[in-house]
*Asks:* 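Before I ask anything, here is the structure I am working with.
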Amino acid sequence: MLTLRLPDGAIREVPEGALPRDLVASIGPRLLRDAIAVKVDGEVQDLNTPLRKGGDFKVLTEKDPESLAVLRHSGAHILATAVRRLRPNAKIGFGPAIEDGFYYDFEVDQPFTPEDLEKFEAEMRKVIAEKHPFVREEVSQAEARKRFSDDPLKLERLSEFSDDEIISTYTDGPFIDLCKGPHVPDTSYLKNFKLLHTAGAYWRGDEHRQMLQRIYATAFWKKEDLEEHLHRLEEAKRRDHRTLAQQLDLYSTDPRVGPGLILWHPKGAIIRNEIEEYERALILRHGYDLVYTPHIVSEKLFQISGHLENYRESMFGPIDVEGAAYRPKPMNCPGHICIYQSHQRSYRDLPLRYAEFGSVYRYERSGVLHGMMRVRGFTQDDAHIFCTLEQVPSEIDRLLDLCDEMLKTFGYPYTIELATRPDKAIGDAERWKQAEDTLAEALKKRGQAFTYDEGGGVFYGPKLDFKLIDAIGRKWQGPTVQLDFNLPERFGLEYTGADNTPHRPTMLHRVLVGSMERFVGGLIEHYAGAFPLWLAPEQVRVIPIADDVKDFAKSVVERLRSRGARAHIDDRSETLNYRIRDGELQKIPYMAVVGKREAESDSIALRVRGAGKKQEVIKVSDFIARVEDELATRALKP
RNA sequence: GCUGACGUAGCUCAAUUGGCAGAGCAGCUGAUUUGUAAUCAGCAGGUUGGGAGUUCGAUUCUCCCCGUCAGCUCCA
């Protein structure tokens, strides 16, 4: 007998092998109707899988988040069912639920076209209407091989099962799949879904193996949720930094320059420069020293650092200089280390914090390049902190302050992950544990919530990853702080301690924005191109209604400029409506319309971006004060 | 790098089965002097991404290269 504990504390005893369906029915017929699956001892299983263990027992309905993954996984089977009907020769790969939906991989002679997707979707609706039950069977290896004799990909997976593993198959009408489940009771449960796109995907994610055709799709319980999801995809498209950057004239690329290399236009450069100036002031306040290091350096340096050994394939090739090999730098750390080593260092010098907006070049495979987000040349706001082991906690504490201040300025909420020892790691386990604990301690001490990213650390040390959450809820890579055991060893870094003997300093790598290119790209999407005043390339556009107030308009521009605002006049001989529209499309934060009335009272009719016709007439002096205040505080909103 | 799709004026897009490459916006010139999201007219703008091939004839068909996009893989 199995003992099951229901959420209300009630205890049920059922014989081993009993079906959850029957137990749910005995709790209530209404509950059975709503039941999608059950959770036993923390594990989700479907209603028709025999119970094998006792423990906490919970019936999952549409309300439980776990049930959505079950629905989506079943959606993948239904997709495969439809594909198999229309393309009987398609070999099936895997079809799991993923974060926002599900996919299924097929091996086919002819790749899928968008028209195919429409047909598959129509066929899926038929399968759904036919209301095939998902039937689970547990079978022997031999029986399974028979059932999947025409599916080489499944046979490959079957060969990996150990003898004591349960092999289960699921059928829904005409389709059978090797699958451990769980599934919804029948195909009619899938109501709100959409096939999204196709793409190639390597079999088992291995680029040396054949490429399968993947169909991505999504599904939700409620129609509104599906629509909201599709709307979110639209919204992401609307905010695409590549489109917005073109409209706003922020950057471009040029095949003559080379793919993945960004040309910052004047307006984009203003944004970047504002960020750099802000950050420079910020880090000077936080005790950093600014340094500069060369863009190409002798390859020998990267032999010492180990970059050549570990990242050779993503470094640009050597440049021959009088017989010596030089490389564009992929990292700034070796240069900073050389500065450290330019003197003998005392414990009194530490911590030393070297910061640089360092441009680095990394070879990225052509297929991964993406706007400003993934490029071959970018500028890191890089810094390296050299300190004693004892100073690490206080340095981490400082860094957390720094990151928090910066992320608030840009209006990003964030979460923190502590990435621990990866499989491929140097240094002993003891040291890793100690370093991880140091980081965790520093976080806990200030009551900072964080999660662990097990095995996510870099080979030379654990790290803290800040994940930014943007305006439409997407996560982005934010600041990172890494502890490094490797480079101080490799370069033989030393400082003289109070005991007059040499000691090895500890090194922290940290970036705040990371790649300036990626960060600005992210900001474009976060703000949907409508930058807060301090970042806006053009902050105020002054629009004289007619030529007779042009001089007054010019004086308004001059007064704004003299207080540090980026103001321009739009005195083109276009209609007022035309110029207003242009200003809105360019997402200018403030438009100051001036006519006779304003000129006579030294005021402006202020139009705030996005506020439409709502406008107020204010004195020029008041407006300047308002702008100055907003700039000084780097206000996110007017 | 791989799979698939795409590449026509600065931008967004047209162009029957292979038959003189077009529009809107932007630009320039002129007129218009405007009270809160597109004033009117004229002009100019192209080796149809590059190269080769098939053809009487290629934006259209074939091949190679370059680039872009969706993914896969990768990301110190």
Side-chain angles (χ1 to χ4, degrees), chain A residues 103 105 108 110-114 196-216 240 242-243 246-247 249 252-260 302 305-315 329-334 360 362-371 373-376 380 382 422 457-461 463 477 480 482 484 486-487 509 511 514-515 518 543-550 571-586 591-598 605-608 610-615 617:
Chain A
Y103 67 78
D105 286 343
V108 285
Q110 290 290 316
F112 301 128
T113 64
L196 297 172
H197 52 261
T198 62
Y202 297 110
W203 169 231
R204 317 212 71 170
D206 182 345
E207 64 177 316
H208 301 296
R209 307 207 54 180
Q210 74 266 44
M211 185 158 271
L212 309 181
Q213 292 296 312
R214 176 172 295 178
I215 298 176
Y216 280 97
D240 191 313
R242 292 165 301 185
T243 317
Q246 187 178 68
Q247 283 162 12
D249 195 18
S252 62
T253 58
D254 187 323
R256 291 171 302 179
V257 175
F302 300 120
S305 72
H307 287 111
L308 213 44
E309 186 185 327
N310 285 294
Y311 302 105
R312 178 182 292 272
E313 68 291 346
S314 22
M315 287 173 66
K329 65 174 168 179
M331 288 290 272
N332 300 303
C333 10
V360 297
R362 299 177 185 178
Y363 165 70
E364 299 276 8
R365 300 210 277 181
S366 59
V368 306
L369 299 174
H370 180 88
M373 303 294 189
R374 195 72 188 271
V375 292
R376 288 180 175 155
Q380 279 184 316
D382 210 355
V458 193
F459 72 92
Y460 53 70
K463 61 173 176 172
Q477 177 63 253
T480 67
Q482 299 175 353
D484 186 354
N486 184 39
L487 290 180
H509 304 244
V511 293
S515 150
R518 183 186 299 208
I543 305 178
I545 286 173
D547 284 353
D548 56 355
V549 287
K550 226 178 191 176
D571 58 357
R572 290 177 292 177
S573 87
E574 301 284 355
T575 59
L576 179 61
N577 277 337
Y578 179 93
R579 287 176 288 164
I580 296 279
R581 177 180 155 81
D582 189 60
E584 287 288 351
L585 291 176
Q586 286 299 306
M591 276 185 269
V593 179
V594 297
K596 267 210 184 76
R597 297 201 295 267
E598 287 76 16
L606 181 64
R607 185 182 167 116
V608 178
K613 274 191 180 175
K614 251 192 299 171
Q615 48 166 318
V617 176

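Each chain gets a letter, A, B and so on, in the order its sequence line appears, and its residues count up from 1.
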*Asks:* For A/H208 and B/C74, what is the distance between atoms NE2 and P respectively, to the nearest whole Å?
*Replies:*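 The distance from NE2 of A/H208 to P of B/C74 comes to 10 Å, rounded to the nearest Å.
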*Asks:* Mapping A/P255 and A/D582 to their closest nucleotides on RNA chain B, which lands nearer the 5' end?
*Replies:*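 Final value for this comparison: A/D582.
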*Asks:* Mind calculating the distance between NZ (A/K550) and P (B/U34) to the nearest angstrom?
*Replies:*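 To the nearest whole Å, that distance equals 14 Å.
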*Asks:* Report yes if at least one side-chain N or O of A/Y216 is closer than 4.0 Å to OP1 or OP2 of B/C72; otherwise report no.
*Replies:*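 Checking B/C72 against A/Y216, a side-chain N or O does come within under 4.0 Å of OP1 or OP2.
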*Asks:* Are there more than 12 heavy atoms of other residues, nucleotides or ligands under 6.0 Å from atom CD of A/Q110?
*Replies:*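 Open: at most 12 neighbouring heavy atoms sit under 6.0 Å from CD of A/Q110.
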*Asks:* If you go through the side-chain atoms of A/R579, does one of them form a donor-acceptor pair with the base of B/U36 closer than 3.5 Å?
*Replies:*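 Answer no: no donor N or O sits under 3.5 Å from an acceptor.
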*Asks:* Check every atom of B/A38, B/U3, B/G35 against the side chain of A/K596 and return the nucleotide holding the closest atom.
*Replies:*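 Closest nucleotide among those given: B/G35.
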*Asks:* Is A/Q246 reaching over with its side chain to a backbone N or O of A/T243, donor-acceptor style, under 3.5 angstrom?
*Replies:*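 Such a contact is absent between A/Q246 side chain and A/T243 backbone.
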*Asks:* Taking donor-acceptor contacts at under 3.5 Å, does the side chain of A/S573 reach the base of B/U33?
*Replies:*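 Counting by modelled atom types and ignoring angles, no donor-acceptor contact under 3.5 Å is found here.
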*Asks:* After noting the C-alpha distance and the side-chain angles of A/Q210 and A/W203, does the key distance pass the side-chain contact (heavy atoms from CB on, under 4.5 Å) rule?
*Replies:* CA-CA 6 Å; A/Q210 74 266 44; A/W203 169 231; 3.7 Å; yes
*Asks:* Considering only heavy atoms and no angle criterion, is a donor-acceptor pair shorter than 3.5 Å present between the side chain of A/R607 and the base of B/A37?
*Replies:*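 Between B/A37 and A/R607, which were checked side chain against base, a qualifying N/O pair under 3.5 Å is present.
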*Asks:* Under 4.0 Å between any heavy atoms, over every strand shown, what does A/R374 touch: base, sugar-phosphate, or nothing? Just pick one.
*Replies:*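 Here A/R374 touches the bases of the nucleic acid.
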*Asks:* Return the nearest nucleotide to the side chain of A/I545; candidates are B/U34, B/U36, B/A38.
*Replies:*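 Of the candidates, B/U34 comes closest.
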*Asks:* With heavy atoms under 4.0 Å as the rule, sort A/Y460 into base, sugar-phosphate or nothing.
*Replies:*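 If one applies the 4.0 Å heavy-atom cut-off, A/Y460 turns out to touch the sugar-phosphate alone, with no base involved.
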*Asks:* All N/O contacts under 3.5 Å from nucleotides 23-29 of chain B to the protein, with atom names and distances to one decimal?
*Replies:*
residue: B/A26; atom: OP1; partner: A/Y578; partner atom: OH; Å: 2.7

*Asks:* Provide the distance between the two P atoms, one in B/G10 and one in B/C28, to the nearest whole Å.
*Replies:*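 Those two atoms are separated by 15 Å.
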*Asks:* Decide, yes or no, whether a salt bridge links A/R204 with A/D206 under the criterion of side-chain N to carboxylate O below 4.0 Å.
*Replies:*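 A salt bridge is absent here (no side-chain N lies under 4.0 Å from a carboxylate O).
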*Asks:* Could you give the distance separating B/U60 and B/U17 at their C1' atoms, to the nearest angstrom?
*Replies:*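 Between the two C1' atoms, the distance is 11 Å.
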*Asks:* Please give the distance between the C1' atoms of B/G49 and B/U59 as a whole number of Å.
*Replies:*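 Here B/G49 and B/U59 have their C1' atoms 12 Å from each other.
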*Asks:* Identify which nucleotide among B/A76, B/U73, B/G35 has an atom closest to any side-chain atom of A/A605, counting heavy atoms from C-beta outward.
*Replies:*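 That would be B/G35.
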*Asks:* Per the atom types in the model, does the base of B/G1 pair as donor or acceptor with the side chain of A/Y202 at under 3.5 Å?
*Replies:*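 Between B/G1 and A/Y202, which were checked side chain against base, a qualifying N/O pair under 3.5 Å is present.
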*Asks:* Let me know the distance between OH of A/Y363 and C1' of B/A76, rounded to the nearest Å.
*Replies:*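 It is 17 Å, rounded to the nearest whole Å.
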*Asks:* Classify A/H197 by what it touches in the nucleic acid, base, sugar-phosphate, or nothing, heavy-atom distance under 4.0 Å.
*Replies:*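 Contact class for A/H197: sugar-phosphate only.
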*Asks:* Nearest whole angstrom, please: distance from the P of B/G1 to the CE of A/M211.
*Replies:*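 In whole Å, B/G1 P lies 13 Å from A/M211 CE.
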*Asks:* A/K463 or A/L212: which one's nearest nucleotide on RNA chain B is closer to the 5' end?
*Replies:*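 That would be A/L212.
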*Asks:* What's the spacing between A/M591 CE and A/I580 CD1 if we round to 0.5 Å?
*Replies:*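 Those atoms lie 5.0 Å apart.
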*Asks:* What contact category does A/H370 fall into here, base, sugar-phosphate, or nothing, at under 4.0 angstrom with non-hydrogen atoms?
*Replies:*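 Touches sugar-phosphate only.
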*Asks:* Reading 5' to 3' and counting Watson-Crick or G-U wobble pairs with both distances under 3.5 Å, write the dot-bracket notation for RNA chain B, | for bases paired outside the strand.
*Replies:* (((((((..((((.....[..)))).(((((.......))))).....(((((..]....))))))))))))....
*Asks:* What integer number of Å spans the P atoms of B/C2 and B/U8?
*Replies:*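 The answer is 23 Å between these two P atoms.
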*Asks:* Against A/H509, only a single residue in A/D382, A/D484, A/N332 fulfils side-chain hydrogen bond (donor to acceptor under 3.5 Å, both in side chains); can you say which?
*Replies:*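 Of A/D382, A/D484, A/N332, side-chain hydrogen bond (donor to acceptor under 3.5 Å, both in side chains) with A/H509 is met by A/D484 alone.
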*Asks:* Check every strand shown and say whether A/Q247 touches a base, only sugar-phosphate, or nothing at a heavy-atom separation below 4.0 Å.
*Replies:*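 Since no nucleic acid heavy atom lies under 4.0 Å of A/Q247, the category is nothing.
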*Asks:* Roughly how far apart, to the nearest Å, are B/G7 and B/U48 at atom C1'?
*Replies:*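 The same atom, C1', in both gives a distance of 10 Å.
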*Asks:* If the C1' atom of B/U34 is compared with that of B/A44, how far apart are they to the nearest Å?
*Replies:*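 Rounded to whole Å, the distance is 27 Å.
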*Asks:* Contact class for A/A546 vs. all strands (heavy atom < 4.0 Å): base, sugar-phosphate, or nothing?
*Replies:*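 Here A/A546 touches the bases of the nucleic acid.
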*Asks:* Taking N and O atoms by type only, does the side chain of A/D547 place a donor or acceptor under 3.5 Å from a partner on the base of B/U33?
*Replies:*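 Such a pair is found, so the answer is yes.
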*Asks:* Can you tell me how far apart NZ (A/K329) and CD (A/Q380) are? Round to the nearest 0.5 Å.
*Replies:*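 Rounded to the nearest 0.5 Å, the NZ-CD separation comes to 9.0 Å.
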*Asks:* For the backbone of A/D105 and the side chain of A/R214, can you confirm whether one donor and one acceptor N or O come within less than 3.5 Å of each other?
*Replies:*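 Pair absent, no side-chain N/O of A/R214 close to backbone of A/D105.
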*Asks:* Ignoring hydrogens and angles, does a donor from either the side chain of A/R256 or the base of B/C66 sit under 3.5 Å from an acceptor on the other?
*Replies:*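 Result: no qualifying N/O pair found.
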*Asks:* Strictly below 4.0 Å: does A/Q246 bring a side-chain N or O up to OP1 or OP2 of B/U12?
*Replies:*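 Yes, within the criterion.
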*Asks:* In this structure, how many angstroms lie between the C1' atom of B/C69 and the CZ atom of A/R242, rounded?
*Replies:*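 So the two atoms are 7 Å apart, to the nearest Å.
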*Asks:* Apply side-chain contact (heavy atoms from CB on, under 4.5 Å) to residues A/Y578 and A/R572 and explain how you reach the verdict.
*Replies:* CA-CA 10 Å; A/Y578 179 93; A/R572 290 177 292 177; 4.2 Å; yes
*Asks:* For A/E598, answer base if it contacts any base atom (sugar-phosphate contacts may also be present), sugar-phosphate if it contacts only those atoms, and nothing otherwise; contact means non-hydrogen atoms under 4.0 Å.
*Replies:*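 Counting heavy atoms under 4.0 Å across all strands, the contact made by A/E598 includes a base.
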*Asks:* Round to a whole Å and report the spacing from CG of A/D254 to P of B/U68.
*Replies:*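 Between P of B/U68 and CG of A/D254: 10 Å.
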*Asks:* Select one nucleotide: of B/A76, B/C72, B/U36, the one nearest the side-chain heavy atoms of A/R214.
*Replies:*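 Closest nucleotide among those given: B/C72.
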*Asks:* Which is true for A/V368 with a 4.0 Å heavy-atom rule: it touches a base, it touches only sugar-phosphate, or it touches nothing?
*Replies:*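 Base contact.
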*Asks:* What residues form a salt bridge (charged side-chain N to carboxylate O under 4.0 Å, His left out) with A/D547, not counting sequence neighbours?
*Replies:*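 With neighbours one apart ignored, the set is empty.
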*Asks:* Can you tell me if the side-chain N/O atoms of A/T575 get under 4.0 Å from OP1 or OP2 in B/U34?
*Replies:*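 It does not, given that no N or O in the side chain of A/T575 lies less than 4.0 Å from OP1 or OP2 of B/U34.
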*Asks:* Of the options B/U39, B/U3, B/A76, whose atoms approach the side-chain atoms of A/N577 most closely?
*Replies:*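 So the nucleotide nearest the side chain must be B/U39.
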*Asks:* Classify the nucleic acid contact of A/S314 as base, sugar-phosphate or nothing, counting any heavy atom under 4.0 Å across all strands shown.
*Replies:*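 Result for A/S314 = base.
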*Asks:* For the residue pair A/F302 and A/H307, does the interplanar ring angle fall in the parallel (under 30°), tilted (30 to 60°) or perpendicular (over 60°) class?
*Replies:*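 The arrangement is perpendicular - the two ring planes meet at more than 60°.
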*Asks:* In whole Å, I'd like the distance from the CZ atom of A/R204 to the P atom of B/C2.
*Replies:*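 About 24 Å, once rounded to whole Å.
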*Asks:* Could you check whether A/G205 gets within reach of a base, just the sugar-phosphate, or nothing at all, counting any heavy atom under 4.0 Å?
*Replies:*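 The residue A/G205 makes sugar-phosphate contact but no base contact.
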*Asks:* Rounded off to whole Å, could you give me the OH-to-C1' distance for the A/Y103 and B/C72 pair?
*Replies:*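 Result: 10 Å.
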*Asks:* Indicate, with a heavy-atom threshold strictly under 4.0 Å, whether A/P330 touches base, sugar-phosphate, or nothing.
*Replies:*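 Answer is base: heavy atoms of A/P330 come under 4.0 Å of a base.
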